[in-house]
Amino acid sequence: MRVNSKWQKITATLLAAVMGVALIPNVSGNDTVLAADLKNKDNTCLGVSGIASPVNPSTVDPTNDPTGSNQAWSGSYVYYGYYQGDSRWVPAGQIKFRVLAKDSKAYTSKESLFLDSDIRLFNRVFDNEEPYTNSWSDSTLREMLNTSFLAGFTDVEKNAIAVSKGNGGLSSSSDSYESYKYDGSVSVDDKVFLLDSSEVVNGKYGYSSDSGWTYSSGAWGKVPHSVPNHVKQGYPGDCWWLRSKYKGENGYGYAGAVLIGGALSNGTVDYHSYGVAPAMNIDQESILFSTALTGNIGAVGTEYKLTLIDEDMVIAVADGESVKADGNTITVPYKASGSNGGNANCASVVILDKEYTAGNKNGANILYYSEIGILYYANKNYTGTFTLPSSLSLGGWDSSYYVYLISEKNYDGKTTDYASVPVKLSAPGKSTPTPTPTTKPVATATPTPTTAAKPTDKPTATPTPKSAYVDMPNVVGMGYEDAKTVIYDTLKGAGFLKVDISFTYYDKSDPITSQEPKAGTKLTVSDSIAVTIKADKNTDNPKSTWKQEGKKWYYYDANGSKVKGWQEINKVWYLFDSNGVMQTGWVESGGKWYYLKDTGAMYTGWIESGGKWYYLGSSGAMATGWIEDGGKWYFLGSSGAMATGWIKQGGKWYFLSASGAMATGWVQSGGKWYYMSPSGAMVEEGWVQYGATWYYFDSNGVMVTGDYVIKGKTNRFSSSGAWIGYA
């Protein structure tokens with residue numbers, strides 16, 4: 001339709017410009033809340049051990065408020081990442097998240113910190129590409145959150161965000177409002193996502209079980225009531241999106257949302273005045289410390305910043321040196337290294353009552369924590385000192401307590417801090433057998449998939465649109481309700497079966513705020529009126545049909561013409577050649593390879609062909625290079641065939657098991673032992689600490705035994721490879 005098309009474009013441009021400014025993230029800026037030198041054992045815990053879980057609102061006042069609907073959300077908060085903000089509504093700075101669970105496995109195989117934004121950060125449509133969808137996996141909001149939104153996070157912050165998979169493990173009872181109104185739980189495969197309707201009514205996450213609707217007379221009431229527990233502040237707009245599919249009117253055009261006052265409901269997917277509150281899971285093994293910015297460790301309502309492990313920051317006892325003691329005064333010679341080693345601004349010592357484990361799986365507590373010296377440069381020797389607490393005797397070192405050295409990059413305020421992997425220090429007088437002790441070798445990185453397909457990356461095709469714009473009679477001067485009737489009748493007469501028409505009034509001084517025009521408003525040629533028309537063709541037209549001619553299959557569209565190229569038919573993708581013949585087997589399209597079943601349906605996932613395994617991404621395109629599937633890494637050669645055994649990539653050696661999964665940790669091959677770092681890269685010519693034992697690997701990656709000379713000094717290793725001492 002061409003009603004006020006000029007002004008539609010102007011309005012859209014204004015909106016895009018305003019929203020573009022609001023959504024550009026940045027990684028600069030600090031709030032002065034906590035100075036680095038105030039970080040100590042009293043306000044800092046190892047991992048997330050001291051963070052409190054949310055309060056189930058139904059337990060606060062079970063007599064007067066049994067669902068907890070009137071209780072404000074209560075729990076702990078974590079600042080993470082950075083949002084550029086909006087000068088009017090959301091200030092720039094670190095994003096404040098609610099801790100829904102500190103030891104969650106709802107979406108991850110390993111324990112994670114489950115976070116949900118405390119406010120609506122910005123307004124955004126759920127989907128803005130035709131054909132509009134309420135499917136989270138195909139929405140433009142999902143794509144934006146996992147691309148441009150993440151640009152406001154540092155690389156270490158992004159790497160610490162786990163890929164969340166599945167539906168969160170929750171389901172709604174058959175008699176609930178959620179079950180009645182939403183199309184079941186919605187799965188994710190993302191770093192950033194939205195909450196599901198079942199999570200917004202889950203008491204263990206601190207949310208009231210009240211949906212905001214009342215059940216009576218065999219149906220859910222039409223008038224919602226207030227649920228303050230679900231309300232979030234932030235960017236203007238009364239509502240915030242859920243990822244749930246809404247069963248209601250017009251099917252694909254509505255997604256779940258929380259309305260003004262906190263009731264669960266829905267919104268039109270292309271309506272821009274709904275807020276976005278991102279959720280994510282942080283891998284616990286990436287978190288070294290949680291530091292209280294306000295309140296006390298373990299108290300409800302306390303706000304925290306995290307210290308993440310940067311595996312490219314490395315610190316060690318300086319070459320040929322050892323820890324020394326003069327009474328309770330301990331001297332530590334140290335040197336930083338690694339590609340980010342020069343980023344550190346201090347060296348610290350932390351004393352634990354148990355040995356350090358990634359993610360603090362054994363529940364260790366901090367007995368002592370203090371900066372021992374500054375760090376200006378990497379690969380330069382420094383010396384630091386600290387005083388061993390009088391409650392700890394030297395004789396208890398490595399038995400009743402354990403001492404670790406770390407390098408840190410600390411910031412004032414809410415900005416995330418970074419630290420090296422802790423290095424256990426040998427007791428004074430005992431040599432530390434490594435020039436660069438680290439549980440991960442320097443400069444090894446997790447393989448980056450070179451052809452990872454995005455869920456929205458469909459095969460090269462232009463599917464027949466569900467929506468269309470058509471010429472209309474001049475409706476300028478009509479009341480908008482009369483104009484709707486004229487437009488509707490005309491579209492119906494043109495053969496469009498589903499019609500959804502909306503007129504939106506935009507205030508010129510504030511194009512973000514919008515509302516329907518008042519009754520009696522006349523349509524004028526003005527930039528204050530924008531008209532959007534969605535009209536769906538009849539997809540069940542009997543002329544759209546399959547036909548077999550000889551041994552070949554064809555598909556005829558509603559106009560009776562053979563379709564060609566990629567076509568989505570009943571939510572399944574097919575490929576037709578230039579003659580309209582449906583393709584099967586391996587085919588090349590747009591420079592990529594696809595596999596089509598005997599039925600013609602495009603295949604995704606793993607497939608065995610000719611005795612070899614291949615992987616077809618969610619777009620159907622055959623993958624090559626590194627891919628991640630089910631939390632494991634695989635390597636596919638240039639032909640797409642899955643590799644096994646030893647491979648060399650980027651100058652590093654990797655070992656792939658018979659299943660194709662990349663190995664980490666210990667590997668035995670050809671009667672020799674090797675150690676693969678967490679990135680999968682084989683350790684070459686270096687030390688590895690495994691548990692409390694040190695091992696050394698030669699230039700070929702082979703674990704050494706017996707006597708072995710390292711930097712001119714003979715070291716002795718047992719038959720199991722364990723370092724014994726100097727010969």
Side-chain angles (χ1 to χ4, degrees), residues 47-60 67-69 71-81 94-121 136 145 157 160-172 178 185-188 190-211 227-234 240-244 256 258 262 264 275-284 286-287 290 295 298-306 359:
V48 298
S49 58
I51 295 180
S53 298
V55 175
N56 189 325
S58 65
T59 64
V60 176
T67 66
S69 62
Q71 307 301 318
W73 188 93
S74 181
S76 303
Y77 302 89
V78 163
Y79 288 93
Y80 198 83
Q94 279 60 41
I95 304 170
K96 185 178 180 181
F97 287 93
R98 298 173 177 178
V99 177
L100 300 191
K102 69 173 184 176
D103 299 307
S104 177
K105 282 190 176 181
Y107 291 96
T108 55
S109 58
K110 298 188 297 183
E111 290 180 333
S112 65
L113 185 67
F114 187 13
L115 303 178
D116 173 34
S117 177
D118 185 50
I119 64 174
R120 302 186 307 274
L121 287 178
W136 166 250
L145 286 175
E157 285 178 320
I161 303 174
V163 176
S164 298
K165 296 177 180 287
N167 63 8
L170 298 177
S171 60
S172 302
E178 307 87 75
S185 297
V186 176
S187 292
V188 300
D190 309 285
K191 287 203 167 191
V192 186
F193 55 97
L194 303 177
L195 295 186
D196 188 89
S197 60
S198 59
E199 291 168 323
V200 184
V201 292
N202 187 357
K204 76 174 184 179
Y205 291 152
Y207 289 119
S208 169
S209 60
D210 185 355
S211 67
V227 185
N229 176 264
H230 294 161
V231 173
K232 290 189 178 185
Q233 304 302 316
W240 48 284
W241 289 114
L242 302 173
R243 69 174 191 271
S244 303
V258 177
L264 275 63
V276 179
M280 61 183 66
N281 283 280
I282 311 298
D283 184 355
Q284 274 195 18
S286 298
I287 303 171
S290 299
V300 171
T302 298
E303 300 176 359
Y304 297 85
K305 67 185 295 187
L306 302 180

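Note that the coordinates shown come from a computational prediction; the quantities given were computed from them, not determined experimentally.
A donor-acceptor pair under 3.5 Å is absent between the side-chain atoms of Thr108 and the main chain of Lys105, judged by distance alone. Between the Arg243 side chain and the Val186 main chain, a donor and an acceptor come within less than 3.5 Å of each other. Checking side-chain atoms of Lys191 against main-chain N and O of Ile161 turns up a donor-acceptor pair under 3.5 Å. The main-chain N or O of Gly301 is never found under 3.5 Å from a side-chain atom of Ser76 such that the two would form a donor-acceptor pair. Glu157 places a side-chain N or O within donor-acceptor distance of the main-chain N or O of Gly81, the cut-off being under 3.5 Å. With hydrogens and angles disregarded, no donor-acceptor distance shorter than 3.5 Å links the side chain of Ser104 to the backbone of Ala101. Proximity of a side-chain donor or acceptor of His230 to a complementary backbone N or O of Val200 within less than 3.5 Å is detected. A donor-acceptor distance shorter than 3.5 angstrom exists from the side chain of Arg120 to the backbone of Lys232, with no hydrogens or angles considered. Checking side-chain atoms of Asn229 against main-chain N and O of Ser208 turns up a donor-acceptor pair under 3.5 Å. Without hydrogens or angle criteria, Gln284 side chain to Lys102 main chain gives a donor-acceptor distance under 3.5 Å.
Ring planes of Tyr80 and Phe97: perpendicular class, angle over 60° (limits at 30 and 60°). Below 30°, between 30° and 60°, or above 60°: for Tyr205 and Phe114 the angle between ring planes is above 60°, a perpendicular geometry.
Here the closest heavy-atom approach between residue Ala160 and residue Ser286 is recorded as CB-CB, 3.6 Å. Residues Val300 and Gly75 approach most closely at CG1-N, 3.7 Å, considering heavy atoms. Between Ala277 and Trp240, the shortest heavy-atom distance links the atoms CB-CE3, 4.2 Å. Across all non-hydrogen atoms, the minimal contact from Tyr304 to Gly50 is OH-O, 3.4 Å. The shortest heavy-atom contact between Pro278 and Val192 is CB-CG1, 3.7 Å.
Under the 4.5 Å side-chain criterion, counting only non-hydrogen atoms from C-beta, Ile119 is not in contact with Lys96. Between Ile287 and Leu306, some side-chain heavy-atom pair lies under the 4.5 Å cut-off. Proximity of Val201 to Asp210: side-chain heavy atoms (C-beta onward) are nowhere separated by under 4.5 Å. The shortest distance between side-chain heavy atoms of Val227 and Tyr207 does not fall below 4.5 Å.
From Leu145, atom CG reaches atom CZ of Phe193 across 11.0 Å, with rounding to the nearest 0.5 Å. Note that CG of Asn167 is 7.0 Å distant from OG of Ser198, once rounded to the nearest 0.5 Å. Rounded to the nearest 0.5 Å, atoms CD (Glu178) and OG (Ser211) are 5.5 Å apart. Note that the CG atom of Leu113 and the CG atom of Asp283 stand 10.5 Å from one another [nearest 0.5 Å]. In this structure, the separation between OG on Ser197 and CG on Asn202 is 11.0 Å, given to the nearest 0.5 Å. Summarising the geometry, atom CG belonging to Leu100 is positioned 10.5 Å from atom OG belonging to Ser53; distances are rounded to the nearest 0.5 Å.
No side-chain donor-acceptor contact under 3.5 Å links Trp136 and Asp196. No hydrogens or angles considered: nothing links the side chains of Tyr107 and Asp190 as a donor-acceptor pair under 3.5 Å.
Geometrically, Lys305 does not engage Tyr79 in a cation-pi contact defined by less than 6.0 Å to the ring centre and at most 45° from the axis.
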(request) Go through the steps for Ser112 and Ile282 under the test side-chain contact (heavy atoms from CB on, under 4.5 Å), then give the verdict. (result) CA-CA 5 Å; Ser112 65; Ile282 311 298; 5.9 Å; no
(message) The test is side-chain contact (heavy atoms from CB on, under 4.5 Å); show your working for Val99 and Tyr77 and say whether it passes.
(response) CA-CA 6 Å; Val99 177; Tyr77 302 89; 5.9 Å; no
(request) Kindly determine whether Lys165 and Val188 satisfy side-chain contact (heavy atoms from CB on, under 4.5 Å), including the steps that lead there. (result) CA-CA 5 Å; Lys165 296 177 180 287; Val188 300; 5.9 Å; no
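With Glu111 as the partner, the side-chain contact (heavy atoms from CB on, under 4.5 Å) test is satisfied by one option alone out of Asn281, Asp103, Val48: Asp103.
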